[in-house]
Amino acid sequence: MRARPVILHLDLDAFFTAVEQLHKPSLRGKPVVVGGVRGRGVVSTASYEARVFGIRSAMPTAEARRRCPNAAFLSPRFEAYRDASHAVMDLVRELTPLVEQVSIDEAYLDLTPQHPQADVGLVGELVGGLRARIQARTGLTASVGAGTSKLVAKIHSDLAKPDGQIVVPPGEEAERLAPMAVRAIPGVGPATAARLTAHGIATVGRLAALDLDEVVALLGKAHGTQLHAFARGEDDREVVTERAAKSVSAESTFETDVTDRVRLAEHVRRLTDRVGERLRADGLSGRTVVLKARRHDFSTLTRSTTLDQPTDADAVVLRQALRLLDGLDVADGLRLLGVGVSGLSLYTQPDLLDGLLDDRPGPVRTGTVEDDDEFVRPDAGGGALPVEEPAGPGDEAPAADQPAPRSPWRPGQDVEHVEHGRGWVQGSGVGRVTVRFEGPNTEVGRIRTFAEDDPDLTPADPPVWQPEDAADEAAGS
DNA sequence: TCTGGGGTCCTAGGACCC
DNA sequence: TCTGGGGTCCTAGGACCC
């Protein structure tokens with residue numbers, strides 16, 4: 001806990017619907033619901049006008065329609081929301097560089113660098129100025145809580161909604177929290193609240209009065225310890241500006257439950273494509289492939305398998321995901337399928353290059369080699385090495401007991417034909433080899449082909465690869 | 001027309017190693 | 001030669017958040 005109320009939590013009010021009302025004036029002042037508009041959709045955001053009818057986030061859209069048939073029901077337009085979010089976060093970063101964006105419409109700020117001595121009055125002025133600028137420049141309203149910790153800031157941005165702000169004076173944390181319902185603490189959901197209530201603990205004050213041992217016995221070590229501290233207003237968490245992704249996944253719910261394995265397999269392939277595209281666009285590869293299934297009764301299963309080497313190749317992920325699907329009983333029907341990859345690593349891990357760098361170290365480049373590229377493996381005497389074809393959509397799924405074919409490439413191998421730098425095989429998968437580059441005139445990006453005569457690789461005309469190119473390419477353009 | 005889609009973190013048991 | 005104990009990895013499930 002800090003001595004001064006320098007931690008802020010900013011939350012945009014009814015963000016998705018606010019953007020829609022901004023773009024379409026006829027929606028202003030009317031009930032608007034953004035979410036899944038089809039059969040099994042749920043509400044993402046309800047405008048304040050729609051909340052009057054009892055419509056809430058996560059409510060089935062069908063229920064929302066019953067409550068307010070005349071509301072506008074819109075599918076989300078994430079690109080518009082991302083643009084608006086960027087505009088807001090740019091303004092936020094003018095106040096402090098210590099910004100932790102936790103979702104598209106929420107961020108924590110730490111004012112310490114600019115205003116280490118800020119008091120309640122100054123913080124109130126700064127927050128008021130920020131909110132006014134956000135409204136003037138984007139048309140959106142934001143609510144802000146401020147205090148000595150993330151916990152206090154977060155709880156009070158909620159209380160300030162809509163279009164308000166609360167700065168909690170240092171020292172008042174515990175007494176303000178005490179009368180609140182336990183559900184007000186972030187991390188206390190329906191299950192934890194029910195468990196606490198069953199033991200007669202309804203308020204934060206009651207929770208704070210318990211011994212640590214009692215809370216841990218009730219809620220487990222990690223959760224119990226944290227909630228015990230939170231209930232007392234104690235929270236030392238830092239504002240973290242960068243956070244590495246831990247997993248990438250895609251999932252979707254069927255209109256009606258599906259039992260047909262052919263349809264399920266086809267769906268797994270589409271999900272795998274989406275995951276693979278995003279892995280490659282972000283320069284990531286992962287070792288663990290996860291298949292998620294939700295059954296007709298809403299129970300959820302996960303099956304996972306871990307590879308020897310990280311991969312970002314669709315064919316590798318697909319083979320594993322189909323194997324996992326084979327092991328599932330689908331006779332009663334599935335309502336959802338998901339594919340994920342975790343155990344992620346960045347292709348560009350500087351420590352792997354230690355001792356291998358050129359005399360003139362340049363920026364690092366990460367690339368992917370397609371199966372039609374010719375490679376010369378140094379220990380193979382200069383012969384071209386075949387790379388196995390990736391499985392096509394029409395290929396049969398391999399038998400469950402058949403081990404995945406291994407790529408002939410091994411991490412650490414040198415790639416000789418790169419003329420203006422050096423390359424090493426870093427990640428390897430069947431049909432796709434990831435190569436790491438170090439040399440002048442390179443930038444982080446994606447490399448499509450690596451034929452020796454590739455004009456992009458001639459020293460006379462050094463390539464300039466932009467991350468945007470990589471994203472476009474991964475998107476299939 | 002009950003219950004989306006993208007994540008994070010934790011727990012617990014078994015395997016395996018020393 | 002009736003049985004230890006710690007550490008790590010893997011897998012499955014669940015709570016929670018926006």
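Every chain is numbered from 1 and lettered A, B, ... according to where its sequence line falls, protein lines coming before strand lines. Nothing here was measured: the structure is a model prediction, and the numbers come from that model.
Within 4.0 Å (heavy atoms only), A/Lys292 reaches no atom of the nucleic acid at all. Heavy atoms of A/Arg65 sit nowhere under 4.0 angstrom from any nucleic acid atom. Nucleic acid contact for A/Arg274: sugar-phosphate only, since backbone atoms but no base atoms lie under 4.0 Å from a heavy atom of the residue. A/Leu336 comes within contact range of the sugar-phosphate backbone alone, with a heavy-atom separation under 4.0 Å but no base atom that close. Counting non-hydrogen atoms under 4.0 angstrom, A/Thr305 reaches the backbone sugars and phosphates but no base. Residue-level contact check: A/Glu63 touches neither bases nor backbone, having no heavy atom under 4.0 Å from any strand.
Within 6.0 Å of NE2 in A/His23 there are more than 12 heavy atoms belonging to other residues, nucleotides or ligands.
For the pair A/Ile185 CD1 and C/dA15 P, the interatomic distance rounds to 18 Å; values are reported in whole Å. When the P atom of B/dG6 is taken as reference, atom CD of A/Glu106 falls 19 Å away, rounded to whole Å. In this structure, CD of A/Glu251 is placed 13 Å from C1' of B/dT3, rounded to the nearest angstrom. What separates CG of A/Leu218 from C1' of C/dA15 is a distance of 15 Å, to the nearest Å. Atom CZ of A/Phe73 and atom P of B/dG4 are 16 Å apart (whole Å). The distance from atom CG of A/Asp297 to atom C1' of B/dT3 is 12 Å, rounded to the nearest whole Å. As a whole-Å value, the separation of A/Arg67 CZ from B/dT3 C1' is 14 Å. Atom P of nucleotide B/dG6 and atom CD of A/Glu277 are separated by 13 Å, given to the nearest angstrom.
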When Watson-Crick pairs (N1 to N3 and N6-O4 or O6-N4) and G-U wobble pairs (N1-O2 and O6-N3) count only below 3.5 Å on both distances, what is the dot-bracket string of DNA chain B, with | for other-strand pairs? ....||||||||||||||

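Electrostatic pairing of A/Arg40 and A/Asp257 counts as a salt bridge here, judged by a charged N lying under 4.0 Å from a carboxylate O. A salt bridge does not link A/Arg2 to A/Asp236: none of the charged nitrogens lies less than 4.0 Å from a carboxylate oxygen. The pair A/Glu63-A/Arg67 meets the salt-bridge criterion, since a charged nitrogen lies less than 4.0 angstrom from a carboxylate oxygen. Ion pairing between a basic and an acidic side chain is recognised when a charged N comes within 4.0 Å of a carboxylate O; A/Lys154 and A/Asp158 show no such pairing.
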Short heteroatom pairs, N/O only, protein and nucleotides 8-14 of chain B, under 3.5 Å:
| from | atom 1 | to | atom 2 | distance (Å) |
| --- | --- | --- | --- | --- |
| B/dT8 | OP1 | A/Lys246 | N | 2.8 |
| B/dT8 | OP2 | A/Ser247 | N | 3.4 |
| B/dT8 | OP2 | A/Ser247 | OG | 2.7 |
| B/dC9 | OP2 | A/Lys246 | NZ | 3.1 |
| B/dT11 | OP1 | A/Ala222 | N | 3.0 |

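When side chains are defined from C-beta on, A/Thr253 does not count as touching A/Leu337, because their heavy atoms never get closer than 4.5 Å.
With a glycosidic angle no further than 90° from 0, C/dT3 counts as syn. For B/dT1, the base adopts the syn conformation, since its glycosidic angle falls within 90 degrees of zero.
Within residues 187-217 of chain A, the residues having any heavy atom closer than 4.0 Å to DNA chain C are, in order of number, A/Gly187, A/Val188, A/Gly189, A/Pro190, A/Ala191, A/Thr192.
Using a 30° and 60° split on the angle between ring planes, A/His9 and A/Tyr108 fall in the tilted class, from 30° to 60°.
Between A/Arg335 and B/dC2 there is no side-chain N or O to OP1 or OP2 distance below 4.0 Å.
Using atom P as the reference point in both B/dG14 and C/dG4, the two lie 15 Å apart (nearest Å). C/dC17 and B/dT3 have their P atoms separated by 22 Å, with the value rounded to a whole Å.
Taking for each of A/Thr288 and A/Arg183 the nucleotide of DNA chain C with the nearest heavy atom, the 5'-most of the two is the partner of A/Thr288. Of the two residues contacting DNA chain B, namely A/Ser252 and A/Ala62, the nearest-nucleotide position lying further toward the 5' end is that of A/Ala62.
Residue ring and nucleobase are not stacked for A/Phe298 and B/dC2 under a centre distance beneath 5.5 angstrom and an angle between planes beneath 30°.
With 3.5 Å as the limit, one finds a donor-acceptor pair spanning the side chains of A/Ser143 and A/Asp13. Using modelled atom types and a 3.5 Å distance limit, the side chains of A/Thr306 and A/Thr288 yield a donor-acceptor pair. A/Gln309 and A/Arg287 share no donor-acceptor pair across their side chains, judged by distance under 3.5 Å alone. Counting only N and O atoms by type, the side chains of A/His228 and A/Arg232 include a donor and acceptor under 3.5 Å apart. A donor atom on one side chain and an acceptor atom on the other are not found under 3.5 Å apart for A/Thr272 and A/Asp314.
With a 6.0 Å cutoff to the six-membered ring centre and a 45° limit on the axis angle, A/Arg294 counts as a cation-pi contact of A/Phe298.
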